[in-house]
Amino acid sequence: GAVVSQHPSRVICKSGTSVKIECRSLDFQATTMFWYRQFPKQSLMLMATSNEGSKATYEQGVEKDKFLINHASLTLSTLTVTSAHPEDSSFYICSADRDYGYTFGSGTRLTVV
Amino acid sequence: QQQVKQSPQSLIVQKGGISIINCAYENTAFDYFPWYQQFPGKGPALLIAIRPDVSEKKEGRFTISFNKSAKQFSLHIMDSQPGDSATYFCAASKRGGYQKVTFGTGTKLQVIP
């Protein structure tokens, strides 16, 4: 079946640094990928829609300069959290659409200290 | 218009029992209703999905019941097992590919021996 690989699974970074999270579709081409943020015991909050070869579409309230999204190929989308602060600590998850079957990555636990 | 309401927030069921989670939506343009299962520290995994042209879909121990007129759908887990203990999210999206998925708030299921 469709597999989305997300790396790293866990990252700890110092406040003020940037962190890049990768999302790859392993056995299919993903023109569109979605990035979510999930706080403990809460639902998934869509941050942005990543489109191959074009600018990402951000949801209202999401800082596009803080959460940089690049979708340079049909199999790779990256989310860079710039100048990370403790409040950016969260669980980030990507997903790709596969004929109505959205497949999710395994998520990245970001801790900013 | 984009909300998907989910209940209960948490559920404890004895092994062998039936787990029932309910969802309601508002936007009649939604035409794809998936359920996702999420284990701690992992991304959601597609469990089962239904389209509004059918009233029920069964896959193994998992059944979706869909009531289009009431704009409600539910997940039934028959013969619940401790391994089913996870958080379950209902969701909805529109036809057309690459559409955003609107998630319910989640139900934490605990199946006790």
Side-chain angles (χ1 to χ4, degrees), chain A residues 1-10 21 23 25 28-52 54 56-60 62 71 74 77 90-111, chain B residues 1-11 21 23-25 29-54 57 59 64 85-110:
Chain A
V3 177
V4 173
S5 176
Q6 186 173 343
H7 292 280
S9 59
R10 189 180 293 268
I21 302 169
C23 182
S25 56
F28 66 103
Q29 293 182 331
T31 305
T32 301
M33 288 188 177
F34 302 91
W35 287 94
Y36 294 85
R37 184 174 181 175
Q38 187 178 33
F39 291 104
K41 299 183 180 180
Q42 292 191 24
S43 189
L44 286 78
M45 181 191 79
L46 180 64
M47 298 175 64
T49 302
S50 168
N51 300 295
E52 188 269 335
S54 65
T57 303
Y58 290 83
E59 295 300 299
Q60 191 173 10
V62 177
H71 196 152
L74 288 172
S77 176
S90 191
F91 193 53
Y92 294 88
I93 312 170
C94 66
S95 79
D97 180 21
R98 185 78 186 276
D99 300 329
Y100 275 103
Y102 295 90
T103 301
F104 286 82
S106 54
T108 297
R109 171 72 60 194
L110 170 63
T111 303
Chain B
Q1 272 292 54
Q2 295 295 322
Q3 271 192 322
V4 176
K5 297 181 180 179
Q6 182 172 348
S7 64
Q9 187 174 4
S10 63
L11 182 61
I21 305 171
C23 284
Y25 63 98
F30 288 145
D31 74 335
Y32 176 67
F33 302 90
W35 285 88
Y36 291 91
Q37 179 188 57
Q38 185 179 30
F39 292 104
K42 301 295 183 182
L46 178 65
L47 193 61
I48 186 173
I50 197 169
R51 297 189 186 185
D53 52 345
V54 296
K57 183 175 182 180
E59 289 184 2
I64 300 179
S85 297
T87 299
Y88 293 81
F89 293 96
C90 62
S93 68
K94 299 178 188 178
R95 186 180 298 276
Y98 312 125
Q99 296 288 340
K100 301 175 191 178
V101 177
T102 301
F103 285 89
T105 49
T107 296
K108 186 174 182 179
L109 171 65
Q110 184 181 358

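Chain A is the first sequence line, chain B the second, and so forth, proteins listed ahead of strands; every chain is numbered from 1.
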task = Look up atom NZ in K100(B) and atom OH in Y36(A), then write down how far apart they are to the nearest 0.5 Å.
result = 9.5 Å
ask   = Which value, rounded to the nearest 0.5 Å, describes the distance between Q38(B) atom CD and S43(A) atom OG?
value = 8.5 Å
task = Go through the steps to decide whether L44(A) and F89(B) satisfy the test side chain to side chain contact (heavy atoms under 4.5 Å, CB included), and finish with yes or no.
result = CA-CA 9 Å; L44(A) 286 78; F89(B) 293 96; 4.2 Å; yes
request  = Grab the two heavy atoms, one from P44(B) and one from F104(A), that are nearest each other, plus how far apart they are.
outcome  = O-CB, 3.2 Å
query = Of the backbone (N, CA, C, O) and the side chain (C-beta and beyond), which part of Q6(A) lies under 4.5 Å from a heavy atom of chain B, both, or neither?
reply = neither
Contacting moiety of F103(B), where chain A heavy atoms sit under 4.5 Å = both
Side chain / backbone / both / neither for Q9(B) at chain A, heavy atoms under 4.5 Å = neither
note = Ranked by heavy-atom pairs below 4.5 Å to chain A, first place among G41(B), A49(B), P40(B) goes to G41(B)
